[in-house]
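Reviewing the structure listed below.
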Amino acid sequence: MDWHQLWEIAAAPDNIPIVALLFLVPFYTWYGLRQALENDRLLARLESDPQMAKTHHRKTFPFKPGWPREVHVWPYLMRIEFLAAIIVTFILMVWSITLNAPLEEPANPNLTMNPAKAPWYFLGLQEMLVYFDPWIAGVLMPTLIIIGLMVIPYIDANPLGNGYYTFRQRRIAILSFCFGFLGLWVLMIIIGTFIRGPGWMWFWPGQTWDHNRLVFEVNRDLHQTFPFNYLVPNHWIPVALFGGTVLALYYLAAGYLVHRLMTGNEFTRKIYKRMSLLQYLTIQFFFVTMVGLPVKIALRLLLRIKYVWVTPWFNV
Amino acid sequence: MAEENKQKPNNQQEKKALTALLDQTKEQAKALKQRAVEEAKTYAEPEKTQLYRSIFRVKHDDQPRNRALSVLSNVFFHLHPAKINRDAVRYAYTWGMGGITFYVFLVLTVTGVLLMFYYHPTKVQAFRDILYLEHDVPFGKLLRNMHRWGAHLMVITVWLHMFRVFLTGSYKTPREFNWSIGVILLVLTLLLSFTGYLLPDDQLGFWAITVGTSMARATPLLGHEGPFGPQLGMTPYNDVRFALLGGSIVDANALLRSYIWHCIALPLVAAVFMGVHFWRVRKDGGISGPAPVVMESEVKEPRPGPTPVIMKPSGMRES
Amino acid sequence: MTDAEAKDHKTAGTAPTAAKAQKAAATNGKPVIEPVKLRRRVIWAMIWGFVAANAFMIMRFFFPRTLFEPKSIFTVGTPPDFGLGVDTRFQQAYRIWVVRKPERLFVIYARCTHLGCTPDWKESENKFKCPCHGSGYDSDGINFEGPAPRPMDRAHVELNAQGQIVVDVNRLYTCERGKPCHFDDEGAYLVV
Amino acid sequence: MPEEPVHDDPIVSQSMSGPLLVASLLLMVSLAWALYDEFVGLRPWKSYQEQFVHLYTQYLEKTTTEQAAAEQALRGSSAFRQIEQRLKEAEEAVAPQVSAIDSEVSLLDRRIAILTDLFATARGEVTAVIYRAETTSSEARRKRLLEQAERIKRGPFEARLPVPDGTLERVKYNYDELDTEYNRLKARKSSLMAERVKLLEHATALRKERDAYIQEHLVGLTEQQMRALLRKMETFDIEIKQIHIVQTDLVDRCESCHLGIREPLTLTAADLGGEKAFASHPTPDLLRVHDPERFGCSPCHGGNGRAVASVIQAHGRYKHWLWPLYARENVQAGCQSCHARDMVLEHAEVLNRGKELYRLRGCIGCHRFEGFDDERERLQAARQRIRDLQTQKAEDQLEIDRSIRAGDRAATNEEAQRFYARAENLRVASSGIDAEIEQLRLRTRDLLLEEKVIGPNLKEIRLKLHRDWIPVWITNPHEFRSTTKMPRFRLEKDEVQAIAAFLWQAAIPGELPRQPRGNAARGRELVETRGCLACHALGEGENAVGGDFAANLSRVGEKANYEYLVRWIANPRQRTRPYCPLEKRDLTPEDYAKHALPFRFDRENAVCPNDGEELRVEHMTVMPILRLTPEEVRDIATFLMTQRRQDPSSYAAADYMEDPGLVERGKSLVRNYGCAGCHEIAGLEEEGRIGTDLTAEGAKPIERLDFALLTHDAKREDWYDHKGFFERKLSNPAVFDQGKVKEPLERLRMPKPNITPSDITALTTFLLGSVEPGYGFPADYIYRPTDRRRDIQAGWWVVTKYNCMGCHQIRIGQPSVLMTLPAYQTPEGKEKLPPSLVGAGARLNPEWLAKFLANPALSETDIHRNGVRSYLEVRMPTFGFTVGEIQTLVRFFGALSAQAQPYIPPTLEPLTDREMVMARQLFTHPAAPCLRCHATGNPVHDRTVNAPNFLLAKERLKPDWTRRWLLDPASIMPGTAMPSGLFRQEGDHWVFSGPHPESFRGYRGDHAELLVRYLFQITPEEQRRLVGQLASAAGSPNAPAREVARSVVKSH
């Protein structure tokens, strides 16, 4: 176990934000979900007891009749904002005094840094470069992510959970978002920072980052892997067709599963009914595509498969 | 007068007149003094002065009305409504991330502007200017560090803000559009940080940008390594990456471009979108909650048949 | 209610106690507000202090500790390096002329006393001529024609331990008409 | 709007002042912290400067008093008093005139001051009016204006001018009078000043003398200067002290802490409370050459000149600074980065040693380094050039024929002429080409001779070595000979066998003619006296005596073959067979036989019979020919054969060396390990160097130095830098194979060099400084010497190549190897030393020097002696320099003593008969009989002498030097036997110190001059006659002579 190495990575000034992330994200996830579960419990009580439902103010926060339903921004909100400002300033000052912003050698095009890493918030995409062609990882995905995020409000047909934490009422939504945000974004960044060493090789935490490390990896395209290499004649047309079909199949299969999920219980069915076709299809597309990433990652890391769909112009 | 009286010392009447005159002047002096004192007293309460009122317009005591006015009548505060949901002040609900992000943005603006006073975006000087800031400019190091770390902090807070908004479902009707703007702001934040990365012109920035931009080569159609790019005659000298860097490699032009993007273009755009974002927050009815929980049973049936997203927000309680 | 108290309310609500509650009851429900004044004053003092300090920091920020301008104190070699007469070697570098008289050596700061142009040394006419408004100075830098109000100023000179001439153009010696002339002060010239 | 808040509502009623208070307290803390950091934490130089001012002031105060006392003493001294007295008198003498002048001048000044105003105003007014006149258009107006000007000029201008009696006189001038008066006064003043100076001239001179006296006699600074320093300390302001060089935008703040570096007095750490940072620069001379105001500090020393936040930062000793401060022991690396072309550099002993080692230890055999032993490269360049020229010539030839034909066919005459003319020009041109080719041929021939290698020629091991010894040697050379240059390779037993076998079988077979044995005792004596020990050493370990330039000769007897030794000592350059670079093989007698040529090859016959290519006809060794007689040679060889520990036969028989099966493997191994870099090996003569080029190794990105598996240890143990890499690599090249699994042939090939820790430091220094120009410092700082200095540069390469410093002293204060040997410590021993060459350039006539270097015997026939100092046992050997090398050396010596190039000897007018007589008397004067000590070529006489023959003087010496030598030899060559003080100064000329012979009465000329002229035209007959006289005027040899001379000096 090479603690020194671990410390080196963690202590690198530019990695501090990620280290912070390691603590902040779990905390706030827990913090949010705790709220959600409280509300769920409240909801459960209300549903079981219609009388209460009539009278209750329907929040987990204490409330007595006579208390104002609204409070003045000044001072009640202002003072909090004020406090927040002070604390942030304090944090920032201390951070800046204790840690120097990195400044390395003057730029030198002839001497590549190893590993050469993008700014940490793009590490997710850089990690994707391992599994996908640049045009997917570097261009298509960001675009899809942005669009995907932007359309969320328009495809979420669930009228519940507007303005309060809840899990029960929005299981699918929350789970899939956490999957995307935590699983695909934050996790990838952490991998990119702590796991990916020189030559963008996979180093388990505590493994020494050795520039001279050698690993044996042969990545084959799907159609070359047994048993397909017998089936698919080695000409681009059949190869392309084969890959295309496989991909299509995946979309169908996954799409079916997603559909099952969306119509899993009677509540989700209710929501499903509310959806327009457009909404439904968009959800399907993004959902399936998103799930596609871990699938591909798994294919690569476990089965060493490079591409599924190979064409003369692009590969997937 | 005094002189006169010197010239004719022995004249009685003159004397009298003189004394009278003296008394009179004394009187006047006293009166003046009185007045001065009284006026001085009034300044003990500056908020009563015309000057003060002209500036603050309202009297600040905790009469509810004035509390409201003090917010409404202040250009900085009137982003807020006069009153808000009693529970919205609870940290547990908002996490305060939006506000913090905005605050950090302000800090970044100030520190950034200050740094610009010493920074030349040229290959020769950029690196030296950083050294200069670190070693010669008082508080230069502190400022630079604050700027850098502030940038990182902002990225984090933006994410957490988004996370919170999602968890509370605050993007739902009527706030759909504001969420989209939020996403754009997120992207802008990342771009701001990214463009700033190159400016010290050191190995770290150089290679980060090289790696970062080299993805652009692979843009479909527009990149010289992207699908159908070559077929469309894309070369390292006319593709989208070239447009970003102003060259086929990260060099003087790239430095200058990222400088302009970082210091002028992006901040402006971001500021505009923020304006819209905040404005929408108010117009969409303040922050979304904490709202009373709604039971499934209370969900109204939508009117039958498909409901096009574009036209009508799908089944929301009109209340 | 005073301004201070008004401020207090912005920072903190009321701090009730049992006693307060009764009092409130007594005075027909109207709350009597007794804020923790000292604490609030302290807080505000600190906040404004912080802001002030920042203002100072920013001020200081605009005065870097080093500059890359030509030095105002510099050495120009040893006395023997200079022959009798006016030496224009250092006009470009430091904007000075080194003048060597039979018994003393001094440095004229090459700035016309009229409007601050840099005159030229006219070897042939044995005089300094200002291109801007035609002021003329003799080889001692004494004005004798043109609008110049007084002779050109002279820079401080001294010998350092290695015997080199150290010139300091921050310390100038003037000789204004009607005022005491400083050209014979210690440091205005070197005896050679 | 619900009114007043209800008081049990937590939101409304909670006070938040608690948290706020805490938060703002924290804020305050951070603020305080920030301020502290800004003004103290990040500004260590502040405290340094405070400390310095304090300590330095203390120090100055202490020393000032001392200096003051010393100065007082001086002022008290009679000499000083005298001067002061004279000064006083001088001043008093002229005092009245001076005061008169002064008073007049002061009066003039006041008058001028007043007139200046008056004049300036008047002139201003007039010129203005005239200008308007000039520029006006209407004639009338012009007239009017001119009149107006006249009116103004007419004045009258009134002034009240001071007069001597102190009152004021009223004067009226018109403009012109004013003008004249003004100018008159100024003129008068300047004339007066001039007069004043003239009067005081003498006094001024004296004053200068007086001040000079103090300066000269006072050690250190005068009190006044010290006071100046103290004043500086009083007005010292605490700030970043920086050197900023605008042209190169170099910024160095080193002096913000190292405040004593450039102080005029030498400060040690001890002087300043033990603070090392404050000590002044150890070698101020260097600063004089490299003025910090022009060069800064970091270009030489490395480090981050701009950083002042902390010591580590400033010294650039952190991960991201590419040019860290050089370690103390490697500080001279800084010199190398600009002075790479200097083989020998003043003030840089470590670096010099490094370069010497790089060459001597054969690093150069595997690792190319710009400028080191590049003969082969130049050779190839020359050959290439020749080829190009030949092709060009061929083309020209074709063109010529073409134009001639065209000319023949030409229609008109003119046209024909044109063509013929063209052909003509081409012919001339191609003849020019021929000339160039010829030159290049000569150059290639020279280069073939100049190219040397460190190791012996392995083609001759069969003739030279005892077979069974070879594997022992290859296995571990250091064991057999602890001081050898041969590094130890990491070889498996079988590899050794293969290599040995290959070498043995590739070598030239055959026997050398038997030689009779000689006298070992005499041999030893010769080795010790002829100068062999300047390069070789006898005895091992502690009791080794001699130089380390060449092999240690103990144990030679165990390996060598007597006959070969004889041949070698007689002529080390003699090859068994010539090598033809074109055919890449040694020529055999058959090759010559084919062309019916005798099998003869030497510098004269150096052309390949097969293809006319230049041959290599000598061994690539720097060992010179000592011109020994055959007997001497045999004696030495016999003696060397006795140098052994065990009998050769005691080595295990290695019959496998005859096994042809091993040859192929052996060859590939030899190639793999790059043996051919240092040895000439059959079939591998043209092998390139196998190592990396180290010319810019110091600038290699650290990532490109292969730390292999040690990278992380290095980082942790903090030697992950160039220094660490070089040092470890040199002390154990295998270190970076550690833990790696490799086939023998894949292992790092670098052998273990045989060097001491100090050598490692030297080499590391050398490599650290080896960076490409402009790395870490402005490129235009690089030392680009011009003619004279370039000659010196070039010369050192040759001097070190042939180890001239083994016998001669060339730099002042540099001892030759011989000087350090016990045999030469006694006075008599010192007399036996070869001459010091300091100032040789001033002494020797270049043409003669060239001749001498080519053939130190100065004779074709009688060669077994020194040409000049025949009385010395140490022999100036024949190095067989090429023309190029000789030129280089001659120019080198000239340049070293700043002689003008080329040398044009002055003409000395011949002596008149009278002068002839006088000179002869002087020459043979009993008080200083020159011929007592100087050689004459007469063997009987020469046995007793210790100075060169006068007959050589004419050709050999430069007259002006000779004169200086006669006047004061000791100052030119301390400890010389030549007596000083033979002449004493009388007014402007020198006269003999001894009693003057009759003939000198009334002679006003310079005696030394006279003698020089005599010496430069003395003829053999003359000398012989004089020797005769000397012999008759009986007297034992030199000792008394010197006595006489000494007595003369005393009497003087």
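Labels below follow one simple rule: chain letters A, B, ... track the order of the sequence lines, proteins then strands, and each chain is numbered from 1.
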Pick one of side chain, backbone, both or neither for [X], based on which atoms fall under 4.5 Å of a heavy atom in chain B.
X	result
A:Pro62	both
A:Ile189	side chain
A:Glu105	both
A:Thr29	both
A:Lys59	side chain
A:Pro312	neither
A:Val71	both
A:Pro142	neither
A:Leu125	both
A:Leu160	both
A:Thr89	both
A:Phe63	side chain
A:Ala85	both
A:Phe181	side chain

**Q.** Pairs of heavy atoms under 4.5 Å with chain A: top-ranked of B:Val183, B:Ile100, B:Leu222, B:Leu153
**A.**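 So the answer, after comparing B:Val183, B:Ile100, B:Leu222, B:Leu153, is B:Val183.
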Q: Against chain A, work out which of B:Thr210, B:Thr157, B:Asn145 has the most heavy-atom pairs shorter than 4.5 Å and name it.
A: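 Greatest number of close heavy-atom pairs with chain A: B:Asn145.
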Q.
Donor-acceptor pair, distance only, cut-off 3.5 Å: does the side chain of B:Tyr197 make one with the backbone of A:Ala118?
A.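 Answer holds: no.
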Among [options], residue most engaged with chain B (heavy-atom pairs, under 4.5 Å):
options	result
A:Tyr31, A:Phe314, A:Phe167, A:Trp135	A:Trp135
A:Ile146, A:Leu99, A:Leu24, A:Leu42	A:Leu99
A:Leu43, A:Val186, A:Leu140	A:Leu43

**Q.** Verdict with reasoning, B:Asp87 to A:Tyr164, per side chain to side chain donor-acceptor pair (under 3.5 Å)
**A.** CA-CA 11 Å; B:Asp87 294 312; A:Tyr164 56 88; over 6 Å; no
Q) Under a 4.5 Å cut-off applied to non-hydrogen side-chain atoms, are B:Pro200 and A:Glu104 in contact? A)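 Of all side-chain heavy-atom pairs linking A:Glu104 with B:Pro200, none is under 4.5 Å.
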Q) How about B:Trp159 and A:Leu21: do any of their side-chain heavy atoms sit closer than 4.5 Å? A)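 A side-chain contact under 4.5 Å exists here.
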Proximal component of [X], with respect to chain A [non-hydrogen, under 4.5 Å]:
X	answer
B:Val293	both
B:Ser214	neither
B:Leu142	both
B:Val211	side chain
B:Ala82	backbone

Q | is_close_aromatic(A:Tyr28, B:Phe163), centroid dist under 6.0 Å | A |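 Here the rings of B:Phe163 and A:Tyr28 have centres that are no less than 6.0 Å from each other.
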(Q) Between the side chains of A:Arg170 and B:Glu296, is the shortest nitrogen-to-carboxylate-oxygen separation below 4.0 Å, so that they form an ion pair? (A)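 No, B:Glu296 and A:Arg170 are not salt-bridged.
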Q) Can B:Arg164 be said to sit on top of A:Tyr165's aromatic six-ring, NZ or CZ under 6.0 Å from centre and within 45° of the ring axis? A)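 Here B:Arg164 fails the 6.0 Å and 45° test against A:Tyr165.
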Q) Yes or no on side chain to side chain contact (heavy atoms under 4.5 Å, CB included) for B:Arg144 and A:Leu103, after CA distance, side-chain angles and deciding distance? A) CA-CA 11 Å; B:Arg144 175 165 177 259; A:Leu103 179 69; 4.2 Å; yes
Q: Identify which one of B:Phe177, B:Phe166, B:Tyr171 satisfies the side chain to side chain contact (heavy atoms under 4.5 Å, CB included) criterion when paired with A:Pro153.
A: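 So the option named by the test is B:Tyr171.
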(Q) Could you report the tightest heavy-atom contact between B:Lys141 and A:Asn100, atom names first, then the distance? (A)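 Between these two residues, the closest heavy atoms are CE-OD1, 3.2 Å.
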